[in-house]
Amino acid sequence: MSIVSPFVNIRRELHQIPELGFQEFKTQQYLLDYIYSLPQERLQIKTWKTGIFVKIKGANPSKTIGYRTDIDGLPIIEETGLSFSSVHTDRMHACGHDFHMAIALGVLSHVVYHPINDDLLFIFQPAEEGPGGAAPMLQSDIMKEWMPDMIMALHIAPEYPVGSIAVKEGLLFANTSELFIDLKGKGGHAAYPHQTNDMIIAACSLVGQLQSIISRNVDPLDSAVITVGKITGGTVQNIIAENARIEGTIRTLSPDSMVKVKSRIEAIVKGVEVGYECETKIDYGCMYHQVYNNEELTKELMEFARADEKMNVIECKEAMTGEDFGYMLKEIPGFMFWLGVDSAFGLHHAKLSPTEDAIEKAISFITGYLSYKGK
Ligand SMILES: CC(=O)N[C@@H](CCC[C@H](N)C(=O)O)C(=O)O
């Protein structure tokens, strides 16, 4: 049996207990148990809903550096076949938050034993996948009291090799909004369509029309995405559906395009309402502000990483992923970067299996950066 590092082991244990946003009770307890097992002299720990704030007193502080990790999982049935697969039915850490937490604990424990000069604030944030924990955490009294002067976070990137980070100054991740559209018509016998208003037909037509917003209403040089990830409707094969529901997400590189896309969705849904003689309801669910990296701090991070012979720096393009860390970066200068984990399957895939060597490499890189930055 091979021996794995303590933080790889932590990742595996966390991987087994994924929980959805604001339900991360076991995860919170696991994190607290670990944090309370460390020497407590320099630590102040406060819980916030299912999240945690940990302040670490520096040796000679002139500022506070924030480090944020997300902690929630996704409603996915895991198909990795790993020996440490999720034991929670229909739940999986398919976005790497198990990696993010293990790395955060590794960095936290390093700075407890090897204090830097500056104070540090670790933020274990719930509900990144939705409905969003960053914005309310930012508004909390704890955050107001312990507000860091700068903040950083990482996200695993399956497409980049282990031993690399990918980052860019300015816009890194898109503006996002969830999208839920309910359609209600008149159901009936499958053999008598003329007596009904079929919501399966209306929903199919609507999904096609939504894509025309991207190709015909958004400036081609200002990208946007509408993804419909789920359609439900009807009851059985020989009854015409009275109800249908479309669930999706909108991504835009500019906040202006988000406004435009939504106004076009509303117009098209109105058209479907008239055309298919049905009732409709639109709900935008949760919305995330774009992730915008502070130019100066990001440049400095890239220079630091380039000087590290164990780290390869990739200058990446912006991505249409969303991250509520964008709300923190709106208020606090800082950055997010991609951490290469080399997986054949991407984020949100049931077979995502990031390479665990990336965990120790990330801990060593980040602790090095914190010692340099927090001098
Ligand atoms: C990094 C990542 O994958 N983040 C998620 C955030 C989802 C926000 C929300 N639930 C939505 O779908 O808009 C992503 O899907 O990009």
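Both counts, for ligands and for their atoms, begin at 1 and track the order of listing.
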* Asked: Does Glu128 reach ligand 1, in the sense of a heavy atom lying below 4.0 Å from it?
  ->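 Glu128: in contact with ligand 1 (<4.0 Å).
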* Asked: Measuring from the heavy atoms of Met320, does anything fall under 4.0 Å of ligand 1?
  -> no
* Asked: Quick one: is the NZ or CZ of Lys49 closer than 6.0 Å to the six-membered ring centre of Phe22, and within 45° of its axis?
  -> yes
* Asked: Please walk me through it: do Phe124 and Trp48 pass ring-ring contact (aromatic ring centres under 6.0 Å, His included)?
  -> CA-CA 9 Å; Phe124 294 87; Trp48 176 89; over 10 Å; no
* Asked: Do Glu128 and Tyr288 come within less than 4.5 Å of each other through their side chains, counting heavy atoms only?
  ->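 Contact flag for Glu128/Tyr288 side chains = yes.
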* So, do Leu352 and Thr80 sit near enough that their side-chain heavy atoms are less than 4.5 Å apart? -> no
For [atom], what is the closest protein heavy atom, and at what distance to 0.1 Å?
{"atom": "atom 2 (C) of ligand 1", "answer": "Gly322 O, 3.4 Å"}
{"atom": "atom 8 (C) of ligand 1", "answer": "Tyr288 CE1, 3.4 Å"}
{"atom": "atom 3 (O) of ligand 1", "answer": "His348 NE2, 3.1 Å"}

* **Glu178, any N or O under 3.5 Å of ligand 1 N or O** =>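 Between Glu178 and ligand 1, an N or O pair is found under 3.5 Å apart.
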* N/O separation below 3.5 Å, Thr249 to ligand 1 -> yes
* With sequence neighbours left out, what residues match Ser205 under side-chain hydrogen bond (donor to acceptor under 3.5 Å, both in side chains)? ->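 Here the qualifying residues are Gln209, Tyr276.
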* **Close-contact set for ligand 1 against Thr176 heavy atoms, below 4.0 Å** =>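 This gives 13 (O) as the contact atoms.
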* Asked: What atoms of ligand 1 come closer than 4.0 angstrom to any heavy atom of Arg251?
  ->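 Every atom of ligand 1 under 4.0 Å from some heavy atom of Arg251: 11 (C), 12 (O), 13 (O), 14 (C), 15 (O), 16 (O).
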* Which bit of Glu129 is near ligand 1, meaning a heavy atom under 4.0 Å away: side chain, backbone, both or neither? -> both
Show me the side-chain donor-acceptor pairs of residues 143-159 shorter than 3.5 Å, one per line, residues at least two apart or across chains.
{"from": "Lys144", "atom 1": "NZ", "to": "Gln139", "atom 2": "O", "distance (Å)": "3.1"}
{"from": "Glu145", "atom 1": "OE1", "to": "Lys46", "atom 2": "NZ", "distance (Å)": "3.4"}
{"from": "Asp149", "atom 1": "OD2", "to": "Thr64", "atom 2": "N", "distance (Å)": "2.7"}

* Structure fact -> Exactly one candidate in Trp338, Tyr292, Tyr327 meets ring pair (Phe, Tyr, Trp, His ring centres under 6.0 Å) with Phe173; the answer is Trp338
